[in-house]
Amino acid sequence: MKATSTIFRNMTSATLLGLGLFVASQASANECELKIAATDAMQFDTKELSVPATCKEVTLTLTHTGTLPKAAMGHNWVLTKAADMSAVATDGMGAGAEAAYVKAGDSRVIAHTGLVGGGESTSVTFSTAGMSPTEAYQFFCSFPGHWAIMQGSFKLKS
């Protein structure tokens, strides 16, 4: 204990401030990382996701906790404005599994993962530039027939 107090006593206030900023930046980086799980029963484990509006980028990891293969019960995670969800999901069905049921170049899609089957995980990192805490956003699985059940809200907390 005495050695530790001596170390801190000998540090300059600038060093301690820098250490504090490093720790604070690490904590806020974790606030910008989200995890969500999907099951063979066509369910996400949460209906709400949020990050602080101060996050410049968000990393989301999707894990399929079931056992069924991608072709039978694949899941992905797609983020859009709430008003665009239905149209994006409908257009995505025509894109096919190779495109993760997301229409190529669809400007309404803010972010999306690839498809995963049972026991698999995938991640996506996306920018929050252009997003607003006052806008309503929805996330969903665009695998055909899933989006009506597998959906939730995404919020930027101000």
Side-chain angles (χ1 to χ4, degrees), residues 19-158:
L19 181 62
L21 290 174
F22 173 77
V23 171
S25 72
Q26 294 304 304
S28 55
N30 290 340
E31 290 177 334
C32 302
E33 295 176 13
L34 301 171
K35 295 179 191 281
I36 191 167
T39 69
D40 285 340
M42 289 190 348
Q43 295 290 317
F44 284 123
D45 65 348
T46 186
K47 296 283 187 188
E48 292 184 12
L49 293 171
S50 64
V51 295
T54 55
C55 291
K56 301 294 182 216
E57 283 190 339
V58 175
T59 298
L60 176 121
T61 300
L62 167 66
T63 301
H64 190 319
T65 59
T67 59
L68 293 173
K70 190 184 317 186
M73 188 57 67
H75 296 308
N76 66 355
W77 184 89
V78 181
L79 179 64
T80 65
K81 289 182 178 178
D84 294 332
M85 182 182 70
S86 177
V88 168
T90 300
D91 288 349
M93 285 190 287
E98 303 78 32
Y101 299 106
V102 176
K103 181 179 156 186
D106 192 334
S107 62
R108 300 167 297 180
V109 176
I110 298 166
H112 71 90
T113 66
L115 285 176
V116 292
E120 298 177 329
S121 291
T122 187
S123 295
V124 63
T125 298
F126 59 96
S127 171
T128 59
M131 295 179 72
S132 168
T134 61
E135 182 74 49
Y137 300 98
Q138 288 289 114
F139 65 85
F140 59 97
C141 174
S142 65
F143 192 95
H146 292 196
W147 72 272
I149 298 168
M150 294 183 73
Q151 60 175 278
S153 65
F154 181 91
K155 295 179 182 167
L156 291 178
K157 298 182 289 186
S158 48

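Just the heavy atoms: all of them, side chains too, but no hydrogens, waters or symmetry mates, feed the values below.
The minimum heavy-atom distance between M131 and F126, with the atom names listed, is SD-CE1, 4.3 Å. Residues V116 and K70 come closest through the heavy atom pair C-CG, 4.1 Å. Of all non-hydrogen atoms in P52 and E31, the two that sit nearest each other are CG-OE1, 3.5 Å. Taking both residues in full, the closest heavy atoms of T61 and S123 are given as OG1-OG, 2.8 Å, listed atom of the first, atom of the second, then distance. Taking both residues in full, the closest heavy atoms of I149 and K47 are given as O-NZ, 3.2 Å, listed atom of the first, atom of the second, then distance. The heavy-atom pair separating V78 from S142 by the smallest distance is CG2-OG, 3.7 Å.
Side-chain contact between L79 and V124 is absent, with no heavy-atom pair separated by less than 4.5 Å. You'll find the side chain of V88 reaches within 4.5 Å of the side chain of F140, heavy atoms only. Taking the side chain as every heavy atom from C-beta outward, S50 and E48 never approach each other to under 4.5 Å. Contact annotation: the side chain of T59 never approaches that of L34 to less than 4.5 Å [non-hydrogen atoms, C-beta and beyond]. Two residues are said to be in side-chain contact when any heavy atoms from C-beta on lie closer than 4.5 Å; M73 and M42 meet this criterion.
Between H75 and F44, the ring planes are tilted. Angles from 30° to 60° get that label.
If you take OG1 on T63 and CD on E120, they are separated by 10.5 Å, rounding to the nearest 0.5 Å. Here CD1 of I36 is found 6.0 Å from OG1 of T46. Values are rounded to the nearest 0.5 Å. Put simply, OG1 on T113 and CG on L62 are 5.0 Å apart, with the number rounded to the nearest 0.5 Å. Rounded to the nearest 0.5 angstrom, K35 NZ and L49 CG are separated by 12.5 Å. Taken to the nearest 0.5 Å, the SG atom of C141 stands 8.5 Å off from the NE2 atom of H64. Between the NZ atom in K56 and the OG1 atom in T128 there is a gap of 6.5 Å [rounded to 0.5 Å].
With hydrogens and angles ignored, the 3.5 Å screen pairs a side-chain donor or acceptor of Q138 with a backbone N or O of G152. Remark: side-chain polar atoms of D91 are not paired, donor with acceptor, to backbone N or O of K103 under 3.5 angstrom. A donor-acceptor contact shorter than 3.5 Å links the side chain of T65 to the backbone of A38.
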task: Might you work through the side-chain contact (heavy atoms from CB on, under 4.5 Å) test for Y101 and W147, ending with a clear yes or no?
output: CA-CA 11 Å; Y101 299 106; W147 72 272; over 6 Å; no
